[in-house]
Every structure is written in C-alpha cells, then in structure tokens.
Amino acid sequence: MPDTPRPNSLDAFWMPFTPNRAFKADPRMVVRAEGMHYYTPDGRAILDGTSGLWCVAAGHCRPRIVEAISKAAGELDYATNFNLGSPSAFEFANRLGEILPQNLDRIFFTNSGSEAADTALKIALAYQKARGKPGKYRLIGRERGYHGTNFGGISVGGIVRNRMTYGPMVVGVDHLPHTHDIARNAFSRGQPEHGGEDFANALERLVQLHDSSTIAAVIVEPVAGSTGVIIPPKGYLQRLRELCTKHDILLIFDEVITGFGRLGAPFAADFFGVKPDLLTMAKAITNAAVPMGAVACSREIYDTILANSETPIELFHGYTTSGHPLACAAGLATLDIYRDEKLFERAAELAPYWEDAMHSLRDAPHVIDIRNLGLIGGIELEPRAGAPMQRGLEVFRKCFDAGVLIRVTGDILAFSPPLIIEKAQIDLIVNTVRGALKQVA
Ligand SMILES: Cc1ncc(COP(=O)(O)O)c(C=O)c1O
C-alpha cells in the first residue's frame, strides 16, 4: 500500500455536529496537543479555552495518563465485564465512590455521556418497577436541556434541532421550562437572583397534570452547557430537590460537564449542596483520553433493583466495552492528577479571577449578556439581523485564527478551560475575544 498523502481526502469522514460542506471547504485541523494547547499542522499553538469539548480538565497529553493507558493496553487489552471481572473496573468504581457525594457510590460504566443519560433513565424506570411502582413511567426533562444524542437523551432533552428530525420520541416525557431569563438576570455574576423557585415550581404543575403516581424521574443539568451556558438561578436546584422528594420522584443530575471540578468542587451536587438520586458523568472522567461515561446510583436504588429481581441478571443492560481496561486505567490516572495537583481547589481559587475577566467584556461590541460559574463562562451576542448564528461563528473563526479555541452555540460563546489554566492565559482568552468582537460586523 502506498503511503496515504497528507492531508488526505476529507470526504469519507461524516463529521458530527459540524457543517460538513463549510468545514471541508475551509478546514481547521489540529495534529498534536500538550498542556493548555493544541497545535496545527504548521506548528501554530492554539490556546484551548474549552478543554476540548468540556472534557480535558487536567490539560492535554498528561504523561501519567498516557503511561497508564499504554501499560494497560499491553497487560489486558480487553475483557468483557459480562460475567467476568477485570480488577481495574472495580478499583475505578471504588475510587469514584470516594469522591462522589455520600451514598452515591454504585457505579454503572458506559462509553459516553449519551449512554450515561440513557442508562440513568433506564435505571430510574427499573427502580420504580422493582419497588412495585410500575405505573411511575414518565420522565421529565427540561427545555433547552442536553443529555446527548441517543433516543432517551433527545426525548428528555430540549434542543429542538436535535429532536425535530427523529420523532416520535420515547413516550411519556414532559419538560420543565428552561431557566434562561435575560430580561431579569442579564450580566449576573455567578448564580442569577431571579426566578429560581418559580422555575422549579413548574414541576408542581406537571405533577398536577400527570399525577406523581405516573412520574419516575426528573433529569436536569445542574448548569446547562450545550445550550449556551445557563446558570441555575439561586434556590432553583434546592427547590427542585424538595419537590422531587415531596412527590416521590427520582432526581437525576446530568453532570457530564459539571463533574470533576468544573465548578471548583468535585461535582455540582457538592457545589450547590443538592444531592440527586442518580448522577451521570463522562468527559473529564478520563480526561477524555479514552471515551467513558458512568452513572452513579444511590445504594437504595442499587439494593432495591438487586433485591427484587426475578431473574439472575438484575438489570438487562450493558455495553461490550462497559468498564474497558484502558478507560479505567486512564480514569484512575486522571483521578490521581486531580487529587495530587488539587485541581478542583485550583478551579475554586481561580473562579473569582475568571469571573472578573469574563465580565470585563461587558462593554465589548454585540454583547447582551455574560454568565459565569466556577470555570465556566458564557457570552451571549446579539444575533445579526436576518442572519442568526453568523456573528458567533465569525467570532469563533477569528479567535481560532488568532490562536484561541472557544466554543460557539448559535450566538453564544462558551468557555470552559482546563483547570490548569494560568491567569495570563485567561487574560489572553479575554483579549482575543475582545479583538474578535471588534472585528465582526
Ligand atoms: C450534559 C451533557 N450530557 C450528555 C452529553 C453527551 O455526552 P457524549 O457526547 O459523550 O455522548 C453532553 C455532551 O456535551 C452533555 O453536555
């Protein structure tokens, strides 16, 4: 076989969530990464303002993780966890249990956040059946919610473009209203003041409509990321927890982006002081070096399903690569880095500086809102008349050309840098975005 010429053809790879035609006409490639940076084929460094896709929390190509993966690959490349065990999966589940909220330490491994969301929904339904309440089948999501792209996730999710092509969805789903309220909460520093209790009280109305005897679970992202960084107003998650408990409904936190220090605490559940019954994770669980997701369940859920099973296998669910040895090795090394470098604490320490830096863009052109929490930032731009999303995309391209990777959702710029970021790099992100905003019409 002759060597494939580089760059090779871009035709065959159907790129996910990408305008394929536009990208392939004007591609942006990276070939290497280290620490806070990606590198382009011509050697240009690009500062990573988004941790890849909210996932490389410890920075890129960390030698400890690389070594752990290669060692595992040479020792036990693969073993099924169906009826056969491999030690690293047990060890990793135990280690996760040590940093998860108390009692939320029964772990089901998946390969992605989407699978984690669908797994959590299935476990919620299985639990209701196991405790003798099979009538509790409804799942409640939220407008603008994102729980990945599988059918359960898009059913409870609330991003219209992700849903409209694929109906009908999973039946028996309803949605809470989203909590984005620019009219009252624009330019909030940290959690917005207004609307928390009211938005959560919408669950009471859904209970009145459907009756709690039909509702299995509510799933929300504690901080909504993919829809453009929506920070929960004060009191919202606490009230949601109260109502779920009152009506005997499970609360699922999708912590795929908030898990592992993003808010300056191990999980958003810790940060907000609100404990869900199930919690999904992915992305930073392995620093994204090997794909993995997981669902943490309360002992009550796990014990109930096991105790009431009529069949030897208690949950008919799993993936060929659930608890894959390479993913577990990467995850264990990642947890070591988080602990030894105190990265969650570091995120908490940097958060005030990050907040000031983000809000310093308030007077930049086109900015109609700025939002922040932990090491998350969102900057909402006024959409260009007659061409929504164009302005955001142009800012994204200009930042990339200037050496900074940001993320854009419509006309909202999203930021989630690795937790190892330095203050000077925060300044560079902000200055680059300011420059880009000045350049776009
Ligand atoms: C909150 C949330 N849940 C689920 C997912 C899906 O994860 P994955 O892309 O690994 O399937 C994402 C991805 O961004 C997410 O942000």
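Note that ligands are numbered from 1 as they come in the structure, with each ligand's atoms numbered from 1 the same way.
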- Check ligand 1 against S226 and write out every atom of the ligand that is under 4.0 Å from a heavy-atom position of the residue. 14 (O), 16 (O)

- Message: Parallel, tilted or perpendicular: which one describes the rings of H324 and Y78, with boundaries at 30° and 60°?
- Response: tilted

- Message: Once you measure the plane-to-plane angle for W354 and F415, does it fall in the parallel (<30°), tilted (30-60°) or perpendicular (>60°) bin?
- Response: perpendicular

- Query: Can you list the atoms of ligand 1 that are under 4.0 Å from a heavy atom of Y146?
  - Reply: 1 (C), 2 (C), 3 (N), 5 (C), 12 (C), 13 (C), 14 (O), 15 (C), 16 (O)

- Taking both backbone and side-chain atoms of D254, is any N or O found less than 3.5 Å from an N or O belonging to ligand 1? yes

- Going by the order shown, which atoms of ligand 1 are within less than 4.0 Å of some heavy atom of S114? 6 (C), 7 (O), 8 (P), 11 (O)

- Message: Only heavy atoms of S112, strictly under 4.0 Å: list the atoms of ligand 1 that pass.
- Response: 10 (O), 11 (O)

- What about G113: any of its N or O atoms under 3.5 Å from an N or O on ligand 1? yes

- Item | Interfacing atoms of ligand 1 (cut-off 4.0 Å, heavy-atom, I257) | 16 (O)

- How close does the nearest protein non-hydrogen atom get to atom 14 (O) of ligand 1, and which residue and atom is it? K283 NZ, 2.9 Å

- Task: Tell me which part of E221 gets within contact of ligand 1: side chain, backbone, both or neither, using heavy atoms under 4.0 Å.
- Result: side chain

- Output yes when a side-chain donor or acceptor of S322 lies under 3.5 Å from a complementary backbone atom of F109, and no otherwise. yes

- Hey, does the side chain of E115 reach the backbone of T110 with a donor-acceptor pair shorter than 3.5 angstrom? no

- Message: Taking V290's backbone N and O only, do any of them form a donor-acceptor pair with T286's side chain (distance below 3.5 Å, no angle check)?
- Response: yes

- Message: In terms of relative ring orientation, are H317 and F108 parallel, tilted or perpendicular, with 30° and 60° separating the classes?
- Response: tilted

- Please confirm whether R407 makes a cation-pi placement over F396, using NZ or CZ under 6.0 Å from the six-membered ring centre and within 45° of the ring normal. no

- If you measure every N/O of E115 against every N/O of ligand 1, is any gap under 3.5 Å? no

